[in-house]
Protein chains: 2
Amino acid sequence: MKKYLSRPEEFVLLVLYQIEGEAYGNNIRKKLAEVTGKYWSIGSVYVPLDRLENKGLVKSFTGKITPERGGRAKRCYEITKGGLERLAELQKAHNTLWSKMPNLSFGEDK
Amino acid sequence: MKKYLSRPEEFVLLVLYQIEGEAYGNNIRKKLAEVTGKYWSIGSVYVPLDRLENKGLVKSFTGKITPERGGRAKRCYEITKGGLERLAELQKAHNTLWSKMPNLSFGEDK
DNA sequence: TCCATTTCTTCTAATCTATAGAACATTTGA
DNA sequence: TCAAATGTTCTATAGATTAGAAGAAATGGA
C-alpha cells in the first residue's frame, strides 16, 4: 500500500496548482524545468499525469485551439478534490519534518 | 538519471537528522510511524537505508550494547555530507514549490 | 492540393524503488 | 540449555521513474 504521492506526482500537482490559465503537457514540463532547474523528459511528465488521472487526482479536458502554427489539440489538466487531499496529507508530514530543519543550502554552487 | 531523493529516502534522512542519540532500525521506524501516523514495515526502513548507504548518503556503525533484555548489536546510522547536500537540494525545490501553497488541511478528519 | 513543419500526445521498455514480511542472528535470564 | 527478546538481512512482487521513439493533428506555403 502506497503511503504518499511520489516525487514526480507531488511536483506535477504543485506545478499544476501554480500555472495560470491552461496547464498541459509542454506547459507543465517547462514549469517543472524552470522550478527545479533540471531536465524533464516528455515521458516523465505524462507518465505521472496519467497515473494521477487514473487515481482520480487530476482530471483532463481538451483545451481550446490556439491560433498558433500547427499542433494537435491540447490536453489540459486540473487538480481534483482528491488530489488536493493527497497534497494536504503530504503538506502535513512535510511541516512536521521540515519545519525543524535549518537552511541547508550553504554554498551549493557546485 | 534520478532527479531527487525518493519519498522514503527523504523521510528516513529527515528522521535521522532529528533522532537524539543513536539512530538505528527500530528507532527510525518508530519515529517514522510517529511522525507520519502510518505503519512502516521493517523492510520499508532498511531497504532505503541500505540504498542510501550504498550511495554514500548515510554511513553506519555498530552501536554500543545496552543493558536490555536481549538483542543483537544495533546498527546505527548517521547522515553524511553527501546526504545533507541531497537534502539541501530538495529543500530548495520544496521552498520554491510549497511556499506558495496555502494550508490545505481543511477538515481532514476522515 | 499536398506535404513539410510544428505542436502535442501516446506508447514502450529498461531500470530502479516500495513495501511487506519471512528468515536469520545474537544476547540474556529462567 | 532454551525460550524470549531484540535486531538485522534477505527476498520477492508490484509499482514507479525516466527517456525517447512513434504517432496524431493542424497549418501554411509551393
Side-chain angles (χ1 to χ4, degrees), chain A residues 1-13 19 21-33 36 38-55 57-77 86 90 93, chain B residues 1-13 19 21-33 36 38-55 57-77 86 90 93:
Chain A
M1 169 225 168
K2 183 106 184 270
K3 289 191 184 63
Y4 289 102
L5 293 168
S6 72
R7 185 80 51 207
E9 287 168 347
E10 170 192 6
F11 279 28
V12 163
L13 283 183
I19 288 175
E22 296 192 326
Y24 65 101
N26 265 328
N27 222 2
I28 295 170
R29 184 189 182 189
K30 263 182 216 150
K31 189 86 180 179
L32 284 168
T36 62
K38 299 186 187 242
Y39 173 78
W40 289 70
S41 70
I42 304 165
S44 56
V45 175
Y46 278 108
V47 170
L49 270 175
D50 282 355
R51 194 170 44 252
L52 287 168
E53 184 158 31
N54 285 334
K55 293 196 227 156
L57 307 186
V58 302
K59 64 186 174 214
S60 68
F61 55 93
T62 303
K64 304 180 202 74
I65 310 158
T66 53
E68 275 151 25
R69 177 65 170 82
R72 176 171 179 173
K74 292 183 181 67
R75 185 169 183 188
C76 298
Y77 294 87
R86 300 290 276 135
L90 240 193
Chain B
M1 168 227 166
K2 184 104 184 271
K3 290 191 183 63
Y4 290 102
L5 294 168
S6 73
R7 185 81 49 210
E9 286 167 350
E10 172 192 5
F11 280 27
V12 163
L13 283 182
I19 288 175
E22 296 191 327
Y24 66 100
N26 266 330
N27 221 2
I28 296 171
R29 184 190 182 189
K30 262 181 217 151
K31 188 86 179 177
L32 284 168
T36 62
K38 297 185 189 242
Y39 171 78
W40 288 70
S41 69
I42 305 166
S44 57
V45 175
Y46 279 108
V47 169
L49 270 174
D50 281 353
R51 194 168 46 252
L52 286 168
E53 183 158 32
N54 285 335
K55 296 196 226 157
L57 307 186
V58 303
K59 65 185 176 215
S60 69
F61 55 95
T62 302
K64 302 180 202 74
I65 311 159
T66 53
E68 276 150 26
R69 178 62 170 80
R72 177 171 176 173
K74 292 183 180 66
R75 185 167 181 189
C76 297
Y77 293 88
R86 302 287 278 132
L90 241 193

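Any value given below was found using the heavy atoms of this structure, including those in side chains, with hydrogens, waters and symmetry copies removed.
Residue A/Ser6 places no side-chain N or O under 4.0 Å from the OP1 or OP2 atom of C/dT17. Note on B/Lys38: every side-chain N or O is 4.0 Å or more away from OP1 and OP2 of C/dT19. Close to C/dT17, at under 4.0 Å from its OP1 or OP2, lies no side-chain N or O of A/Lys2. Considering only side-chain N and O atoms, A/Lys3 lies under 4.0 angstrom from the phosphate OP1 or OP2 of C/dA20.
Across D/dA16, C/dC8, D/dA19, the shortest atom-to-atom separation from the side chain of A/Ser44 is found for D/dA19. With C/dT19, C/dT17, C/dT12 as the choices, the nucleotide that has an atom nearest any side-chain atom of B/Pro48 turns out to be C/dT19. The side chain of A/Arg72 has C/dT10 as its nearest neighbour among D/dT17, C/dT26, C/dT10. Distance from the side chain of A/Tyr39 is smallest to D/dA19 among D/dA19, C/dT17, C/dA20.
Going from atom CD1 of B/Ile28 over to atom P of D/dT9 covers 12 Å, rounded to whole Å. Atom pair A/Glu53:CD and C/dT10:C1' shows a separation of 13 Å (rounding to whole Å applied). The CG-P distance, from A/Leu32 to D/dT17, rounds to 13 Å in whole Å. Put simply, CZ on B/Arg75 is 16 Å from C1' on D/dT6, counting in whole angstrom units. Residue A/Lys74 contributes atom NZ, which lies 14 Å from atom P of C/dT10 at whole-angstrom precision. Here C/dA18 presents its P atom at 12 Å from CD of A/Glu9, a figure rounded to the nearest Å. Separating the CG atom of A/Asn54 from the C1' atom of C/dT10 is a distance of 13 Å, rounded to the nearest angstrom. The nearest whole Å value for the distance from the OH atom in A/Tyr24 to the P atom in D/dA26 is 16 Å.
A heavy-atom distance below 4.5 Å is not found between the side chains of B/Leu13 and B/Leu90. Contact check for B/Tyr77 versus B/Val12: no side-chain heavy atoms found under the 4.5 Å cut-off. Looking at B/Asn26 and B/Lys74, their side chains never come closer than 4.5 Å, going by heavy atoms from C-beta outward.
Each of B/Arg51 and B/Ile42 has a nearest nucleotide on DNA chain C; the 5'-most of these lies closest to B/Arg51. Heavy-atom distances to DNA chain C give each of A/Asp50 and A/Met1 a nearest nucleotide, and the one nearer the 5′ end belongs to A/Asp50. Place A/Arg7 and B/Tyr77 on DNA chain D by their nearest nucleotides, and B/Tyr77 ends up nearer the 5' end.
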Next on the checklist: If you apply the rule salt bridge (charged side-chain N to carboxylate O under 4.0 Å, His left out), what do you find for A/Glu9 with A/Lys55, and how did you get there?
Outcome noted: CA-CA 11 Å; A/Glu9 287 168 347; A/Lys55 293 196 227 156; 2.9 Å; yes
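Within the cation-pi definition used here (under 6.0 Å to the ring centroid, within 45° of the axis), B/Lys3 does not qualify as a partner of A/Phe11.
Backbone-only engagement by B/Gly25 is indicated by non-hydrogen atom pairs under 4.0 Å involving sugar-phosphate atoms exclusively.
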